[in-house]
There are 2 protein chains.
Amino acid sequence: MSKRPKTAAASSSAKSATRKKADDNPPEFLINVLRDRIANHDLPPGSKLRENSISEEFGVSRARVREAFGGLEERGLIERIPNRGAVVTRLEAPQVFELFAVREVLEGLAVRLATENQPPESWQDLVDLFDKPLEQAVNENDLEFYIEALATLRTRMVIGAESQTLESLLDSIYDRTRVLIRRLVILPGRARQGLKEHRAMLAAMRAGDAEKAEQLKRANIRGSRATFDKFQKFIL
Amino acid sequence: MSKRPKTAAASSSAKSATRKKADDNPPEFLINVLRDRIANHDLPPGSKLRENSISEEFGVSRARVREAFGGLEERGLIERIPNRGAVVTRLEAPQVFELFAVREVLEGLAVRLATENQPPESWQDLVDLFDKPLEQAVNENDLEFYIEALATLRTRMVIGAESQTLESLLDSIYDRTRVLIRRLVILPGRARQGLKEHRAMLAAMRAGDAEKAEQLKRANIRGSRATFDKFQKFIL
DNA sequence: TGTAGGAATATTGTTGACAATTTTACGGAC
DNA sequence: GTCCGTAAAATTGTCAACAATATTCCTACA
């Protein structure tokens with residue numbers, strides 16, 4: 001990792017569509033855009049965030065940028081060092097394991113709540129999607145389609161759980177793990193196994209068995225963690 | 001709740017010990033002090049935070065106060081409304097239930113990790129503390145002692161879990177629930193029941209039974225939730 | 001070539017001023 | 001007493017300037 005970290009200016013030059021002359025976005029707009037860029041590695045770990053660059057790009061005051069930095073730091077997405085600026089945090093392996101442990105219980109909870117809260121037939125479209133269409137996609141190595149389906153599933157699960165508190169926690173973790181999860185999915189055999197596990201989980205949800213669905217989701221995440229353990233040298 | 005919300009100035013006049021002429025505290029000092037005040041209701045729900053007052057009290061720039069506000073907002077502790085200022089958030093009943101659900105799985109995880117990570121004999125002092133000394137305290141309605149013991153237990157559990165990620169999540173939740181939990185503990189019969197449950201949990205930890213310890217902690221929190229359900233009109 | 005030192009440049013941290021918005025206070029009418 | 005309008009005061013949001021600190025660049029020397 002001797003590569004020179006990209007600055008925000010370098011990345012943000014591709015994002016002029018977000019440039020506002022007079023800022024009429026709500027205050028949370030800025031922090032959410034930055035969250036997204038950090039989460040999808042447009043601003044990769046280690047990159048420096050320049051107050052002036054962001055201020056110029058978004059047409060907001062430096063003061064507002066600094067406030068957003070305050071928020072991003074509380075979310076663990078950046079680290080600010082006095083007089084030296086803000087850097088996007090890196091995930092080290094021990095943290096990844098911590099995140100997996102936490103994801104396991106929280107996503108398990110989300111699946112349970114979603115199963116309890118929603119009528120069983122509301123999962124049928126996902127059961128269908130994870131049936132033949134995704135089987136075909138995985139067979140043809142159309143992993144983008146699979147990853148999209150996983151994202152859809154996640155969103156539905158979070159919405160179905162009907163807990164703002166849980167959603168906020170899950171989002172906070174997802175911001176930090178999104179790219180990692182994506183890298184794990186594309187590893188050999190992982191998509192096939194994941195499809196199988198998600199199908200079983202969806203079947204349990206469809207049957208209204210919240211406890212079983214939770215356990216299956218938790219097992220899925222433990223499997224993901226085991227994959228990370230095996231391949232961590234290549235993933236981080 | 002027609003009482004006029006206290007302003008930060010009113011509360012902060014009692015805190016001049018924190019006043020610094022030249023600020024030589026690390027940047028996170030301010031947000032941590034404010035977190036603590038919010039968590040223990042020195043800045044109670046609904047109270048307004050005035051930038052100038054805080055700036056003067058702590059001898060820091062208004063800009064730094066605003067940055068801290070950015071962080072507090074991301075933690076869900078305050079809500080900022082453009083041009084109107086920052087208000088300490090209130091917990092409504094549905095949120096409390098959400099927090100209980102999340103606490104259950106996360107504190108359960110913490111107990112499990114702590115049991116797995118620490119040698120069984122390291123819990124002996126807590127086993128002893130929750131034996132005769134706390135029995136006596138509860139018998140004599142010395143609830144302050146009991147609450148302190150719970151705080152000690154919590155701290156030990158979090159440290160023992162050895163997960164920064166989990167600790168951060170737990171702290172974030174604790175900031176929002178600390179006073180509520182305290183109010184629940186003092187309700188009739190709750191301390192006695194809680195002592196019994198924590199003893200059983202500590203016995204499981206002492207025996208190195210992580211799974212059982214986790215289940216007992218989870219049950220303890222579910223009991224706490226049921227108590228809240230019963231008394232919520234008096235507690236919120 | 002590598003290192004050290006100094007200057008120039010860049011960036012962060014703070015401050016004070018002012019614009020914009022909201023809140024409070026006051027007086028008058030009903 | 002309540003309501004409304006107006007003015008004054010308070011507070012937030014932003015800006016520009018400048019101080020403080022860090023980084024980068026250049027030169028000289030071993």
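Proteins get letters first, then strands, A, B, ... in listed order; numbering begins at 1 in each.
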At less than 4.0 Å, is any side-chain N or O atom of R66(A) found next to OP1 or OP2 of dT12(C)? Yes or no.
no
Measure the distance from CZ on R50(B) to P on dA9(D) and round it to the nearest whole Å.
18 Å
Looking at R80(A) and E67(B), is there a salt bridge between them, counting it only when a charged N and a carboxylate O are closer than 4.0 Å?
yes
Nearest whole angstrom, please: distance from the C1' of dG13(D) to the CZ of F69(B).
13 Å
So, taking the atom named CD1 in I186(B) and the one named CD1 in I181(B), what distance separates them when rounded to the nearest 0.5 Å?
13.0 Å
Of all the choices, dT12(D), dG13(C), dT14(D), which nucleotide is nearest to the side chain of E51(A) once you look at every atom?
dG13(C)
Which whole-number value in Å describes the distance from L30(B) CG to dG13(C) P?
14 Å
Within this structure, what is the CG-to-C1' distance between N52(B) and dT21(C), rounded to whole angstrom?
15 Å
Between dT22(C) atom C1' and R80(B) atom CZ, what is the distance in whole Å?
16 Å
Taking CD from E56(A) and P from dA10(C), how many angstroms apart are they, rounded to a whole number?
12 Å
Would you kindly give the NZ-to-P distance between K48(A) and dA10(C), to the nearest whole Å?
15 Å
At less than 3.5 Å, do the side-chain atoms of R84(B) and the base atoms of dG13(D) form a donor-acceptor pair?
no
Taking atom CZ of F100(B) and atom CG of L180(B), what is their separation to the nearest 0.5 Å?
5.5 Å
Looking at R154(B) and D171(B), does any basic side-chain N land under 4.0 Å from a carboxylate oxygen?
yes
Can you tell me if the side-chain N/O atoms of R64(A) get under 4.0 Å from OP1 or OP2 in dG13(D)?
no
Counting only side-chain N and O atoms of R62(A), is one of them less than 4.0 Å from OP1 or OP2 of dA16(D)?
no
On the 0 to 90° scale, with breaks at 30° and 60°, tag the F97(A)-F228(A) ring pair as parallel, tilted or perpendicular.
perpendicular
What nucleotide, of dG13(C), dC15(D), dT15(C), holds the atom closest to the side chain of S61(A)?
dC15(D)
Map N83(A) and I81(B) onto DNA chain D by nearest heavy atom, then report which one ends up closer to the 5' terminus.
I81(B)
